[in-house]
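Okay, so here's the structure we're looking at.
Here is the naming used below: chain letters follow the sequence lines, and residue numbers restart at 1 for every chain. In what follows, every heavy atom counts, from backbone to side chain, and hydrogens, waters and symmetry copies are set aside.
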Number of protein chains: 2
Amino acid sequence: MPSEFDLIRRHFTRPAAHTDLAVGDDAALVSVASGMQLAVTTDALVAGTHFFPDAAPRDLGWKALAVNLSDLAAMAAAPRWATLALTLPGVDESWVAAFADGFFECAARHDVDIVGGDTTRGPLAIAVTLFGEIPAGAAITRAGGQPGDDLWISGQPGLAALGLAHLQQRLRLADATRALAALHRPKPRLELGLALRGVAHAMLDVSDGLVGDIGHLCERSGLGALLDTTALPLAALRETGADEAAARRCLLAGGDDYELLFAAPPPARDDIAALARRLDLPLTRIGHLTAPAEPMVLLREADGSLRAPESSGYDHFAAG
Amino acid sequence: MPSEFDLIRRHFTRPAAHTDLAVGDDAALVSVASGMQLAVTTDALVAGTHFFPDAAPRDLGWKALAVNLSDLAAMAAAPRWATLALTLPGVDESWVAAFADGFFECAARHDVDIVGGDTTRGPLAIAVTLFGEIPAGAAITRAGGQPGDDLWISGQPGLAALGLAHLQQRLRLADATRALAALHRPKPRLELGLALRGVAHAMLDVSDGLVGDIGHLCERSGLGALLDTTALPLAALRETGADEAAARRCLLAGGDDYELLFAAPPPARDDIAALARRLDLPLTRIGHLTAPAEPMVLLREADGSLRAPESSGYDHFAAG
């Protein structure tokens, strides 16, 4: 059985592009460029809570980094460095090799150096901390929303939740391909995040369910929100063969989307539409921010009626 | 049952002294001072591997941060910020409160801001990523050792391993107080690490067993080492009532020490002795670096004979 040290060395030591001293010492050394702030985020994936213990290791490796990249995208920061704490029930070398391949595929795609690792024996879990740079003062937080700002969502929220429901046989999709890809290989919206510097007033990544995360943005901005259900991007969800109620439920409260929700002033609409074309990424205007309200988020239905959403979001403790 | 969000907010939101934007957004924002490199390290503690599942949560909180602080001390870096990924089998609020108390006690003592957190349901585990500042070029790595350098060790390696053996009833200590304190509340040697800038050629923190970690320093410096067994600091180990063989075994290969091992040129001996007095911390000269050798580390016994050590160190996979 190879030792912990051999294992780390063999699979997690790769060339580092912008690191002064990489894995192998007590700590790594990196240099943050002058005038830059450092953005830092951490997210763990735990077997049985965030993924099935028999999930494909290559997908897991990708996703463990991608969910953290999504957080940096939501700050409009450029990712640079990551650490990985990997807990494994034993040394299954082919598993580790596939996990590392997926992890480094995602890292290379997004120009991230791995600067620290820790591998231990225990129940399967992955904790990643990711660091990025952003010009001082240019970050887009959750707190900058203004009354009257449009609310936009990227890509196709709800698709990953449909994929999960399909895997769990809670429903049966005619075509699960895109839904499963969204679940296993989320695409962090880094280009979009960077392009929204100076455009969006507030932003966050939708990982706990769209309505719940709109609530988080409202809470930090001290505002309310009106969500127009006729504007929701349901087309791709319908194409999976899901029924209308399931599609809507997954879109509003599904979780695991890793899409960007942002608030921007109405005069930016043309620029945002142009951005959607340039990035070949749907950007959908789904509502707007209002004065502070109770409940914070309201849905406007097709008949013009207003009502409170059923679910306030996804909670790994409540749902676990 | 409080939600994940409530739990994080209630116990892990504390005032941050040197952070631009702390916990609560998609990422935290911090500023690294001009001319400084960033030192980054990560270490996870997993129930059943690193600690007993019924370990006191206050001690665990302290130790989870302290073992990471020890890594920064070994680079001669000043700690600044940390992230915490906490996996819990359920929400036991008194456990979380005690854990947070221990964690923040250690953070406050060492001037560390907590800038990111993630709490999930799963088998008990704690992953911390810690980052600190160091003037560019001033880090003390493992690679700078020179032939003829003295090898020094801080404090009392072996004490924590005796404490663990006592807890596991593999031996019986007459007085286990200090040994258990060393095991549960390791003191990261940050003042020592900073004071050794410009003095030590190479340094690491001893966490995998003294002999194994000397091997790591030798490997990175491309040298051998001669360890003088008559110079080993055994006094405090004897005071616990441990027999000589157990004391020596724990000192040489025990693990969990979190002491600093450093290589410094002989002319620095007086300065190092003065430093030991100023910090009220024993610093013991236990051998020296040699030309490259095979085996890399040799022990010189009281009768002048040389022999290879029995164990090459501690491995959480081999030992798990």
Does any backbone or side-chain atom of A/Leu84 lie under 4.5 Å from a heavy atom of chain B? Answer side chain, backbone, both or neither.
backbone
Less than 4.5 Å apart, side chain to side chain, heavy atoms only: is that true for A/Pro123 and B/Val46?
yes
Checking heavy atoms, do the side chain of A/Thr87, its backbone, both or neither come under 4.5 Å from chain B?
side chain
Which bit of A/Arg220 comes within less than 4.5 Å of chain B, counting heavy atoms only: side chain, backbone, both or neither?
side chain
So which heavy atom on B/Thr41 is nearest to which on A/Ala27, and how close?
CB-CB, 4.0 Å
Main-chain N/O of B/Gln37 paired with A/Asp20 side-chain donor or acceptor, under 3.5 Å:
no
Side chains of A/Trp81 and B/Val40, heavy atoms from C-beta outward: is any pair under 4.5 Å?
no
Region of A/Leu38 in contact with chain B, defined by heavy-atom distances below 4.5 Å
both
A/Thr129 side chain vs B/Thr129 backbone, donor-acceptor pair below 3.5 Å
no
4.5 Å side-chain heavy-atom contact, B/Leu21 and A/Met75:
yes
Interatomic distance, CG@A/Leu204 vs CG@B/Asp25, rounded to 0.5 Å, equals 7.5 Å
Is there a donor-acceptor contact under 3.5 Å from the side chain of B/Asp26 to the main chain of A/Asp205?
yes
Heavy-atom cut-off 4.5 Å, strictly under: side chain, backbone, both or neither for B/Ala125 against chain A?
neither
Is it true that a side-chain atom of B/Thr83 and a backbone atom of A/Thr42 form a donor plus acceptor pair closer than 3.5 Å?
no
Quick check for you: among B/Gly116, B/Ala39, B/Ala127, B/Ala85, which has the greatest number of heavy-atom pairs under 4.5 Å with chain A?
B/Ala39
Would you find a donor on one side and an acceptor on the other, under 3.5 Å apart, between the side chain of A/Asp118 and the backbone of B/Ala44?
yes
